[in-house]
Amino acid sequence: MKKFTRLYGLAALALLLHSQTSSAQSFSMADVTNYPFPRDMTSSATGSKIAYSVEEQGRRNIYVASGPEFTLRKLTNYTKDDGQELTSITITKDGKYVIYVKGGEHSGNYDRSRVVNPDNDPITPKIQVWSIPFTGGVPKLLGDGDYPVVSNKRVAWISDDGHVWIAPTSGITPGKLGLDPLGTCSGLQWSPDGTKLAFECNRTDHSFIGVYTNENTPIEWVAAGFYRDANPQWSPDGKKIAFLRSPANPVTANAGGGGGFGANAAAAATPAAPGGARGNGGRNRNAAATPGATATPGAAAATPTTPGAAAAPAQQRGFGGGGRGGRGNVYIADLATGMADEFFKMPQGQRASFSNFHWATMDRMVYQSYIDGWPHLYSISTKTPNPEPLLLTPGDFEVEDPQLSGDGKSIVFTGNTGPDKQQDMDRRHVFMVSVDKPDMQILTPGEDLETYPAITGDNSTVAFFSSNGQRPLVGAILSLKTHKTKMIGLKLLAANFPLKQMAIPKQVIYKSPDGTTVHAQLFVPPSGGGPAKKPALVYIHGGPQRQMLLGWHYMDYYSIDYALEEYLVSMGFEVLSVNYRQGIGYGYDFQRPPAGANYIDVKAGGVWLASQPDVDTSRFGVFGGSAGGALAASALARDSKLFKAGVIIHGDSPEPLDAWTSPTMIIHGDDDRNVAFSAGVSLVSRFRAKGSPYFETLVIPGDSHHWLKYSDIIKVNTAAAEFLKKELLLKK
């Protein structure tokens with residue numbers, strides 16, 4: 001084997017982008033990635049208004065619609081593929097304004113609120129909070145910062161130094177500093193009447209719950225003590241606050257002195273998408289659910305990339321007005337007396353961590369927990385201390401993205417179950433349940449996938465995103481009166497999108513060597529004119545707390561991968577996408593396997609695919625990104641005889657190179673906040689030192705883990721496809 005490295009330069013990349021495959025491919029990479037990707041579905045607390053963002057070839061804009069017709073209308077007019085996200089989209093309660101954040105990269109495991117500059121502008125963009133009338137107009141800048149929460153008249157958000165700024169929702173006057181306490185703030189929550197703001201103040205080894213009234217009234221600290229108090233939630237009447245309390249944690253001497261707020265406080269206080277952040281596509285409803293999540297160096301509970309390392313269950317997205325959850329017992333503070341009493345002891349044990357804690361109605365609180373082995377919804381009565389939890393969503397399936405109705409009486413959510421329990425385990429459907437009884441009902445049965453639901457303030461309509469095996473995500477609405485669905489976002493799908501040429505994935509279920517059942521999806525090229533035996537690839541998703549599905553994925557990172565899978569199939573490859581252990585969708589035990597089980601599942605998938613009579617095992621490869629990239633490296637390093645070539649996209653791998661003989665491509669963006677660029681540097685340097693195997697590289701300057709620029713998506717996917725074509729498809 002030839003032993004040298006080739007780095008793609010501009011000239012080579014230009015040729016690569018215009019190259020054609022040897023097969024009769026009927027669509028290009030640009031065609032299959034030219035789909036509108038929607039995010040941040042949100043609804044007004046009253047009335048029937050919805051809003052969400054759409055990315056079209058890198059141009060991100062907000063679209064809105066109103067009932068009963070819900071005709072989709074473009075609200076903003078950003079025209080550049082600059083990689084600047086639109087997130088935290090919120091409609092004011094009166095429906096007059098849409099508040100949003102422009103900028104930042106909210107899916108990283110670290111530096112989530114640090115500015116990004118994938119366009120490589122000489123002047124780095126800022127992360128800023130904006131307001132625009134729902135009826136249309138010119139957006140008004142409220143100020144620099146992130147994670148806004150909205151009352152009817154005011155917006156509060158967090159600056160990059162952890163302080164709180166406040167502005168009128170109309171933007172008639174610019175924002176001004178509202179809170180500048182010792183420590184850093186997060187978990188902002190307006191009172192129901194919008195007159196007070198509750199917040200969490202982190203002071204390194206302890207944290208307080210504070211209540212802000214106005215600039216002339218001292219902050220009220222709620223039952224301050226030697227604790228870590230977090231996640232304030234107002235009672236619907238605004239007279240009480242529920243919060244989570246756990247023991248304070250001592251810090252080391254070098255953490256700082258004085259009042260206990262030291263140099264590392266900013267890092268300790270950085271929230272995982274503070275309370276008000278809402279979004280999807282892995283980009284902000286919950287930072288624990290980010291695409292390809294990997295460990296921040298030294299973080300004890302972070303998701304590892306080392307194959308076989310155990311991962312904590314992914315905290316599920318949901319409850320846009322706050323409700324991050326965590327560990328600790330529930331306390332309720334009476335603001336009239338300033339006293340707080342323990343109200344509910346959370347169960348103990350590994351499965352006891354919970355998320356999406358929220359005070360729904362005066363009589364009910366709700367939360368989500370893995371306590372029965374699946375991430376289900378529970379509610380507790382507020383009438384007596386230590387109430388018995390009520391399981392709202394029984395069954396062997398996972399609840400994702402729960403959202404409360406405006407009156408707090410119902411929850412809409414997505415789940416991987418339905419009438420066809422086997423197939424639906426690899427889909428998503430929308431459900432509704434009351435907060436006080438387990439009357440769960442499926443709203444969207446069938447073969448499509450439905451995600452990110454939001455119920456309108458008048459309780460008449462559920463808005464969500466819909467996809468299937470051929471059609472990418474589009475906005476949709478379902479009438480709760482007629483139960484009819486309307487695809488309101490279908491008109492944004494480009495005329496040249498090769499909808500009918502998409503291969504529909506088939507569900508595959510096989511056994512891993514230790515007897516564990518593993519799900520996968522098989523993509524097969526259309527029958528006809530091709531060779532009897534086809535080249536084949538195993539695709540490995542990132543996370544690892546992810547699940548690939550029987551259709552276009554609801555997270556942007558994985559929709560990009562899905563497009564690449566479809567493109568490779570159109571070239572003539574069979575592709576098997578493996579849902580290995582550590583992923584979501586199959587319960588707690590599946591997500592917490594013995595060390596090394598994830599690669600056992602991947603290899604077993606490769607062995608299954610290689611055993612198919614129409615597969616050419618001499619042209620057999622592997623590819624994946626992030627945690628999937630690390631596992632692809634394991635496949636190439638441990639089993640080069642099976643996996644003849646592969647692509648590693650921002651994967652961190654310590655695998656030894658002794659038996660690694662397969663040609664490999666390594667791709668990385670150098671502003672990666674999930675897998676540090678140094679991981680790629682390390683792997684490339686080890687390859688260079690060893691002198692083999694043959695490898696190629698592609699570096700994307702300025703872009704992050706999630707390919708914020710559309711032009712970078714084209715570069716990355718095309719480079720990966722061309723490498724696999726050269727090494728496998730054209731191999732004689």
Side-chain angles (χ1 to χ4, degrees), residues 10 13-14 17 28-40 51-64 72-89 98-108 112-133 136-146 171 279-284 472-473 489 491-497 556-557 559-560 563 669-673 699-718:
L10 293 177
L13 186 57
L17 291 174
S28 67
M29 185 66 76
D31 291 335
V32 76
T33 54
N34 182 23
Y35 54 86
F37 191 85
R39 300 184 184 88
D40 295 317
Y52 61 91
S53 69
V54 179
E55 181 181 343
E56 300 170 275
Q57 294 184 310
R59 302 181 299 271
R60 295 166 169 87
N61 283 287
I62 295 172
Y63 284 76
V64 296
L72 201 61
R73 171 171 55 88
K74 189 177 180 180
L75 186 62
T76 60
N77 190 35
Y78 296 112
T79 60
K80 191 178 180 183
D81 175 21
D82 58 4
Q84 300 302 310
E85 294 183 333
L86 301 182
T87 57
S88 295
I89 298 169
V98 176
I99 309 300
Y100 63 97
V101 170
K102 188 173 192 297
E105 203 278 283
H106 294 80
S107 298
R112 290 188 187 96
S113 286
R114 196 183 78 200
V115 295
V116 290
N117 188 15
D119 211 26
N120 296 293
D121 290 332
I123 304 300
T124 301
K126 297 179 179 180
I127 304 174
Q128 297 177 318
V129 182
W130 293 80
S131 172
I132 186 171
V138 177
K140 291 186 177 180
L141 175 62
L142 302 182
D144 296 350
D146 207 344
N280 68 295
R283 282 198 180 152
N284 20 320
L473 241 60
K491 67 179 184 178
L492 300 183
L493 194 62
N496 68 338
F497 184 81
D556 60 345
Y557 182 97
S559 73
I560 295 168
D670 87 321
D671 192 17
D672 195 316
R673 291 132 192 239
V699 171
I700 307 294
D703 212 337
S704 76
H705 197 72
H706 302 93
W707 312 129
L708 297 174
K709 285 197 62 171
Y710 175 73
S711 59
D712 289 340
I713 292 170
I714 295 289
K715 290 177 186 177
V716 169
N717 276 11
T718 305

Which heavy atom of [X] sits nearest to which heavy atom of [Y], and what is that distance?
X    : Y    : result
V54  : P36  : CG1-CB, 3.6 Å
G83  : P118 : CA-CG, 3.7 Å
T79  : R59  : O-CD, 3.3 Å
P133 : V138 : CD-O, 4.4 Å
S107 : H706 : CB-CE1, 3.2 Å
L708 : D703 : N-OD1, 2.9 Å

Practice prompt. Take L72 and K491, measure what side-chain contact (heavy atoms from CB on, under 4.5 Å) needs, and give me the verdict at the end.
Written response: CA-CA 9 Å; L72 201 61; K491 67 179 184 178; 3.9 Å; yes

In the structure I gave you, are the side-chain heavy atoms of [X] and [Y] within less than 4.5 Å of one another anywhere?
X    : Y    : value
S53  : D40  : yes
F37  : E56  : no
R39  : D556 : yes
H106 : D146 : yes
P125 : D82  : no
Y100 : P139 : yes
Q57  : N34  : yes
T33  : I560 : no

Fill in: Pairwise distance OG1(T87) to CZ(R60) - rounded to 0.5 angstrom
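Going from OG1 on T87 over to CZ on R60, the span is 10.5 Å.
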
Item to complete: Drop me the distance from T76's OG1 to K74's NZ, to the nearest 0.5 angstrom.
Response: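 Between T76 OG1 and K74 NZ, I get 7.0 Å after rounding to 0.5 Å.
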
Sequence neighbours left out, what passes side-chain contact (heavy atoms from CB on, under 4.5 Å) with [X]? Give chain and number order.
X    : result
D671 : R114, V116, R673
L75  : I62, V64, R73, V98, I132
D81  : K709, Y710, S711

Discussion item. For the residue pair Y35 / S559, report whether a side-chain donor-acceptor contact shorter than 3.5 Å exists.
Written reply: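 Side-chain D/A pair, S559 to Y35: present.
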
Discussion item. Could you check whether S704 and D672, counting side-chain N and O atoms only, form a donor-acceptor pair closer than 3.5 Å?
Written reply: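 Side-chain D/A pair, D672 to S704: absent.
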
Discussion item. The criterion is side chain to side chain donor-acceptor pair (under 3.5 Å); which residues satisfy it with N117, sequence neighbours excluded?
Written reply: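 Listed in chain order: nothing, the list is empty.
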
Practice prompt. Please name all residues satisfying salt bridge (charged side-chain N to carboxylate O under 4.0 Å, His left out) with K140, sequence neighbours left out, ordered by chain then number.
Written response: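 Applying salt bridge (charged side-chain N to carboxylate O under 4.0 Å, His left out) to K140 gives none.
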
Fill in: Partner set under salt bridge (charged side-chain N to carboxylate O under 4.0 Å, His left out) for K126, not counting sequence neighbours
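Checked K126 against salt bridge (charged side-chain N to carboxylate O under 4.0 Å, His left out); matches are D144.
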
Worksheet item: Of the options I700, D119, N717, which is the one that meets D712 in a side-chain contact (heavy atoms from CB on, under 4.5 Å)?
Response: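 The option that passes is I700.
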
Discussion item. Please evaluate residues L86 and Y78 with respect to the criterion side-chain contact (heavy atoms from CB on, under 4.5 Å), reporting the C-alpha separation (whole Å), side-chain torsions for both, the decisive distance (0.1 Å), and the verdict.
Written reply: CA-CA 10 Å; L86 301 182; Y78 296 112; 4.1 Å; yes

Discussion item. Quick test of your reading of the model: are K102 and E85 salt-bridged, counting only N-O distances below 4.0 Å?
Written reply: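 No, K102 and E85 are not salt-bridged.
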
